Visitor: 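There's a structure below that I have some questions on.
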Amino acid sequence: MSINWTDFTPMLSSLGGILIGFAALILMLAKGRIMGMSGILSGLLIPNSSTEFLWRSVFVAGVIAGPAILINFDLINIASTPVASGLLLYVAAFCVGIGTAIGRGCTSGHGICGLSRLSARSLCAVLTFVISGIITVSILRHVL
Amino acid sequence: MLAVLSVLFSGLIFGIGLSLAGMLDPTKVTSFLNILGKWDPSLGFVMLGGIIVTTFGYFFIFKRGKPLFEKDFDLPKKQKIDKSLIIGSALFGIGWGLAGLCPGPVIASLAFDPFGMFLFLLVMVIGLKFGNVINKLL
């Protein structure tokens with residue numbers, strides 16, 4: 001192991017994390033909800049009442065509008081280089097979908113909100129998906 | 001109205017936070033998971049920053065007793081660590097490692113790559129639906 005100093009962005013990443021935290025606080029204070037993207041999306045697919053549908057779609061619109069504003073006003077340069085393509089990309093998409101549904105949460109729901117509520121379930125989930133992610137990347141980059 | 005605006009604001013801040021954090025870059029995300037190679041610890045700082053703010057904030061919000069625009073907090077009721085939590089999270093980790101994308105960044109990336117991300121989102125949503133069906137059977 002060696003540290004990738006050239007791509008390391010401790011300040012920006014901390015600031016981003018702090019903002020993500022504030023977003024989670026606003027949603028909890030206003031709506032009493034966990035800010036978990038997979039859960040919010042899931043609920044959007046099976047709306048049980050129109051108000052449930054409304055807040056979820058408004059949240060999703062906000063998440064898209066955030067980076068759109070940054071790009072439009074040229075505030076920051078959002079780098080995004082894909083790592084997978086073709087079939088592998090869609091296998092990944094399916095795994096992310098089915099996995100977060102069965103595991104009932106993703107990086108935002110378990111990783112930020114769950115850990116902050118000191119949930120033992122979320123701690124287990126985070127350890128599992130980080131380790132599983134590390135194993136996946138290690139096999140792709142260092143074994144295959 | 002105020003409730004809807006708060007939710008919109010929360011989404012906006014989340015989207016901006018993900019962008020600044022570097023979470024919209026699959027290369028950066030997988031560099032965080034690449035501990036055997038050239039490791040980029042940045043994403044650890046995202047989690048740390050987020051968790052510190054949220055832990056303190058939640059403490060005071062929960063102390064209030066109720067949210068501003070709802071009767072009650074709507075929190076996950078499950079406490080038990082079960083097989084589905086582990087299997088689901090492991091599957092999610094595989095997808096996260098393969099593509100460097102998790103649900104939040106997928107949605108946020110629609111802002112600059114609507115077509116490519118839409119296809120990813122579509123397959124991810126099919127996966128979500130599938131998982132929800134499995135959850136009902138378990």
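Source: prediction; values computed, not measured. Naming convention: chains lettered A, B, ... in sequence-line order (proteins, then strands); numbering from 1 in each chain.
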Visitor: Indicate yes or no: does A/D7 engage B/K38 in a salt bridge with an N to O separation below 4.0 Å.
Guide: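 B/K38 and A/D7: not salt-bridged.
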
Visitor: Counting C-beta onward and ignoring hydrogens, is there a side-chain heavy-atom pair between B/V123 and A/V96 closer than 4.5 Å?
Guide: no

Visitor: With heavy-atom distances below 4.5 Å as the criterion, would you say the side chains of B/T30 and A/R141 are in contact?
Guide: yes

Visitor: Hey, which of B/D74, B/I134, B/D113, B/L18 has the most heavy atom pairs under 4.5 Å with chain A?
Guide: B/D74

Visitor: For A/S132 and B/I94, indicate whether the former's side chain and the latter's backbone hold a donor-acceptor pair under 3.5 Å.
Guide: yes

Visitor: Between B/S10 and A/I26 (side chain of the first, backbone of the second, donor and acceptor by atom type, cut-off under 3.5 Å), is there such a pair?
Guide: no

Visitor: Report yes or no: do A/T9 and B/K28 form a side-chain donor-acceptor pair below 3.5 Å?
Guide: yes

Visitor: Only pairs at least two apart or in different chains count here, so list each ring pair (Phe, Tyr, Trp, His ring centres under 6.0 Å) that has a residue in residues 87-119 of chain A.
Guide: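 Every pair satisfying ring pair (Phe, Tyr, Trp, His ring centres under 6.0 Å) with a residue in residues 87-119 of chain A: A/F94-B/F130.
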
Visitor: What's the spacing between B/L128 CG and A/I98 CD1 if we round to 0.5 Å?
Guide: 9.5 Å

Visitor: From B/T54 OG1 over to A/M35 CE, what is the distance, rounded to the nearest 0.5 angstrom?
Guide: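 Interatomic distance, B/T54 OG1 to A/M35 CE, rounded to 0.5 Å: 7.0 Å.
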
Visitor: So which of A/L140, A/T6, A/I40, A/L27 has the biggest tally of heavy-atom pairs under 4.5 Å with chain B?
Guide: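 Looking at each of A/L140, A/T6, A/I40, A/L27 in turn, A/L27 comes out on top.
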
Visitor: If you take the centroid of each ring, where Trp contributes its six-membered ring, are B/F45 and A/F8 closer together than 6.0 Å?
Guide: yes

Visitor: Going by the rule ring pair (Phe, Tyr, Trp, His ring centres under 6.0 Å), which residues pair with B/F120 if we only count those two or more places apart in sequence or in a different chain?
Guide: none

Visitor: So which residue, A/I135, A/T81, A/T128, A/T100, ends up with the most heavy-atom pairs under 4.5 Å with chain B?
Guide: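 It is A/T81.
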
Visitor: Under the side chain to side chain contact (heavy atoms under 4.5 Å, CB included) test against B/F112, which residue among A/I64, A/L70, A/I78 passes?
Guide: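 Going through the options one by one, the only one that passes is A/I78.
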
Visitor: When heavy-atom pairs shorter than 4.5 Å are enumerated against chain B, which of A/C95, A/C124, A/A120 gives the highest number?
Guide: A/C95

